Visitor: 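Take a look at this one; I'll ask things after.
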Amino acid sequence: METVSTNLSFGGTQGVYTHQSTSTGTQMTFAVFVPPQAATQSCPVVWYLSGLTCSHANVMDKGEYRRKAAELGLIIVCPDTSPRGDDVANDESWQMGQGAGFYVDATQEPWSKHFQMYSYITQELPALIAENFPADMSRQGITGHSMGGHGALTIALKNPDTFKSCSAFAPITNPSTAEWSKGALTTYLGADQAAWADYDAVRLIEKGAKFPALLVDQGAADNFFDGCNPHALQSACVDTDIALTLRLQEGYDHSYFFISTFMDDHLTWHADRLSK
């Protein structure tokens, strides 16, 4: 692991780091905020997964999480959204390729060579965080926005023993049916929609996946509202043991103005559950 930059912020350290990934076969960049409490104790970890076209930098620059994370003693990890590089497969569409990994392990060529983002997020990067930061890996939460919200929900639902809390901002809840994600799932996983179910929160819940509680904020004025389809998630959680808190925020769109407004709520949600 190499350090790209570190900056003091709210008594903690905002860092950017790179490493050579065995999952993706590429150099990967990620950001970590370490709160001041980490000087004397290990701290719980909250993962933030970014959305389409983004990198680690979007939430780091615009998410406004450091003040609250410093107050609550949370380590915030912000991975990239895909492998990158001249030899990495790409697509002209912003909905797939570099910047649009969808947090899946691709099975189709040429994508399968590098696009192993599910394994990277759930296995490789956590091991690196545990080795290099004062992180209490027994207390992990996960959140994300849009495509990253999809990643947060599906990863939590498939790994409830690893993640103790989960939330999302305008997640793509049912990517098997959304126009802006069906193409990517076909490209990465093939035409057989049975393979998509492992990366679809609604379908995972319908198949019996469990998680204690979910917090989802959705802008009511989001121009991607139909693609996010929060009501599909709401319907899937009916008659399950999943306690879904779905908040439709009037007037808010899909941007980081929306995310930063409710970031404190989400970090408090995670801190409450990770403190137990």
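Here the structure is a predicted model, which means the values were calculated and not measured.
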Visitor: With clusters built from Ile, Leu, Val, Met, Phe, Trp and Tyr whose side-chain heavy atoms come within less than 4.5 Å, directly or transitively, what are the remaining members of the cluster of Ile76, listed by chain and number?
Guide: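 Besides Ile76, the hydrophobic cluster comprises Val4, Val16, Phe33, Val46, Tyr48, Val59, Met60, Tyr65, Leu72, Leu74, Phe169, Tyr252, Tyr256, Phe258, Ile259, Phe262, Met263, Leu267, Leu274, listed by chain and residue number.
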
Visitor: Let me see the working for Ser167 and His266 under side-chain hydrogen bond (donor to acceptor under 3.5 Å, both in side chains), right down to the final yes or no.
Guide: CA-CA 7 Å; Ser167 72; His266 283 245; 2.8 Å; yes

Visitor: Do Thr177 and Asn174 have a side chain donor and acceptor closer than 3.5 Å?
Guide: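 Present: a donor and an acceptor within the cut-off.
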
Visitor: How about Pro79 and Ile121: do any of their side-chain heavy atoms sit closer than 4.5 Å?
Guide: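 In short, these two side chains touch, coming nearer than 4.5 Å.
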
Visitor: Looking at Tyr118, I'd like to know if the NZ or CZ of Lys158 sits under 6.0 Å from its six-membered ring centre while staying within 45 degrees of the ring's axis.
Guide: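 So Lys158 does make the cation-pi contact.
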
Visitor: Please report the C-alpha distance between Asp217 and Gln249 in whole Å, then the side-chain angles of each, then the deciding distance to 0.1 Å, and finally whether the side-chain hydrogen bond (donor to acceptor under 3.5 Å, both in side chains) criterion is met.
Guide: CA-CA 7 Å; Asp217 273 312; Gln249 304 292 358; 2.8 Å; yes

Visitor: With a 4.5 Å heavy-atom cut-off, do Phe30 and Asp80 have their side chains touching?
Guide: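 SC-SC contact between Phe30 and Asp80 ruled out.
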
Visitor: Taking the ring centre of each residue, are Phe224 and His254 less than 6.0 Å apart?
Guide: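 They qualify: ring centres under 6.0 Å apart.
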
Visitor: Flag yes if more than 12 heavy atoms outside Asp61 fall under 6.0 Å of its CG atom; otherwise flag no.
Guide: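 Enclosed: over 12 neighbouring heavy atoms sit under 6.0 Å from CG of Asp61.
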
Visitor: Check this for me: does any side-chain nitrogen of one of Arg203 and Asp198 sit under 4.0 Å from a carboxylate oxygen of the other?
Guide: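 Answer for the salt bridge query: no.
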
Visitor: Check for me whether Lys164 meets the cation-pi criterion with Phe211, that is, NZ or CZ under 6.0 Å from the six-membered ring centre and within 45 degrees of the ring axis.
Guide: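 Pair Lys164/Phe211 does not count as cation-pi.
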
Visitor: Is the ring pair Tyr103/His150 parallel, tilted or perpendicular, if the boundaries are 30 and 60 degrees?
Guide: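 It falls in the tilted class, 30° to 60°.
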
Visitor: Other members of the hydrophobic cluster containing Leu215, with the 4.5 Å side-chain heavy-atom rule, please.
Guide: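 Reading the cluster by chain and number, Leu215 sits alongside Trp269.
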
Visitor: Are any side-chain N or O atoms of Ser146 and backbone N or O atoms of Gly148, one a donor and one an acceptor, separated by less than 3.5 Å?
Guide: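 Answer holds: no.
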
Visitor: Determine whether His114 and Thr24 satisfy the following criterion, side-chain hydrogen bond (donor to acceptor under 3.5 Å, both in side chains), listing intermediate values before the conclusion.
Guide: CA-CA 4 Å; His114 297 295; Thr24 68; 5.8 Å; no

Visitor: Decide yes or no on side chain to side chain contact (heavy atoms under 4.5 Å, CB included) for Ile205 and Leu233, but give the supporting numbers first.
Guide: CA-CA 9 Å; Ile205 293 169; Leu233 181 65; 3.7 Å; yes

Visitor: Check whether any side-chain heavy atom of Trp180 lies under 4.5 Å from a side-chain heavy atom of Leu52, and answer yes or no.
Guide: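 Yes, close enough: below the 4.5 Å cut-off.
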
Visitor: Measuring only between side-chain heavy atoms, which start at C-beta, is Val216 closer than 4.5 Å to Arg247?
Guide: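 With C-beta onward as the side chain, the pair stays apart.
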
Visitor: Can you check whether Val104 reaches Trp196 side chain to side chain, under 4.5 Å on heavy atoms?
Guide: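 No, side chains not in contact.
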
Visitor: Mind running side-chain hydrogen bond (donor to acceptor under 3.5 Å, both in side chains) on Asp253 and Asn223 for me, showing each step along the way?
Guide: CA-CA 7 Å; Asp253 56 20; Asn223 58 323; over 6 Å; no

Visitor: Does Gly99 offer a backbone N or O that forms a donor-acceptor pair with the side chain of Ser82 under 3.5 Å?
Guide: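 Yes: the side chain of Ser82 pairs with the backbone of Gly99.
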
Visitor: Do Arg67 and Glu64 meet the salt-bridge criterion of a basic N to acidic O distance under 4.0 Å?
Guide: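 A salt bridge is absent here (no side-chain N lies under 4.0 Å from a carboxylate O).
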
Visitor: Does any pair with a residue in residues 114-138 pass salt bridge (charged side-chain N to carboxylate O under 4.0 Å, His left out), and if so which ones, sequence neighbours excluded?
Guide: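 Salt bridge (charged side-chain N to carboxylate O under 4.0 Å, His left out) check on residues 114-138 returns Asp136-Arg139.
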
Visitor: Under a 4.5 Å cut-off applied to non-hydrogen side-chain atoms, are Thr26 and Met28 in contact?
Guide: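 A side-chain contact under 4.5 Å exists here.
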
Visitor: Would you mind reporting whether Met1 and Phe133 have side-chain heavy atoms less than 4.5 Å apart?
Guide: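 Result yes, sub-4.5 Å side-chain heavy-atom pair found.
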
Visitor: Do the side chains of Tyr120 and Asp105 get nearer than 4.5 Å, heavy atoms only?
Guide: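 No, too far: nothing below the 4.5 Å cut-off.
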
Visitor: One thing to verify: whether Glu109 and Lys113 come together as a salt bridge, which I'm taking to mean a side-chain N less than 4.0 angstrom from a carboxylate O.
Guide: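 No.
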
Visitor: According to the interplanar angle, ranging from 0 to 90°, do the rings of Tyr188 and Phe115 count as parallel (below 30°), tilted (30 to 60°) or perpendicular (above 60°)?
Guide: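 Rings of Tyr188 and Phe115: parallel, as their planes differ by under 30°.
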
Visitor: Does a donor on one side chain and an acceptor on the other come within less than 3.5 Å for Asn229 and Thr173?
Guide: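 No, Thr173 and Asn229 have no side-chain donor paired with an acceptor closer than 3.5 Å.
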
Visitor: Would you say Ser275's side chain and Asp272's backbone share a donor-acceptor pair under 3.5 angstrom?
Guide: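 Here the side-chain-to-backbone pair exists.
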
Visitor: Looking only at atom types and distance, does a side-chain atom of Asn58 sit under 3.5 Å from a main-chain N or O of Ser55, one as donor and one as acceptor?
Guide: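 It does hold such a pair.
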
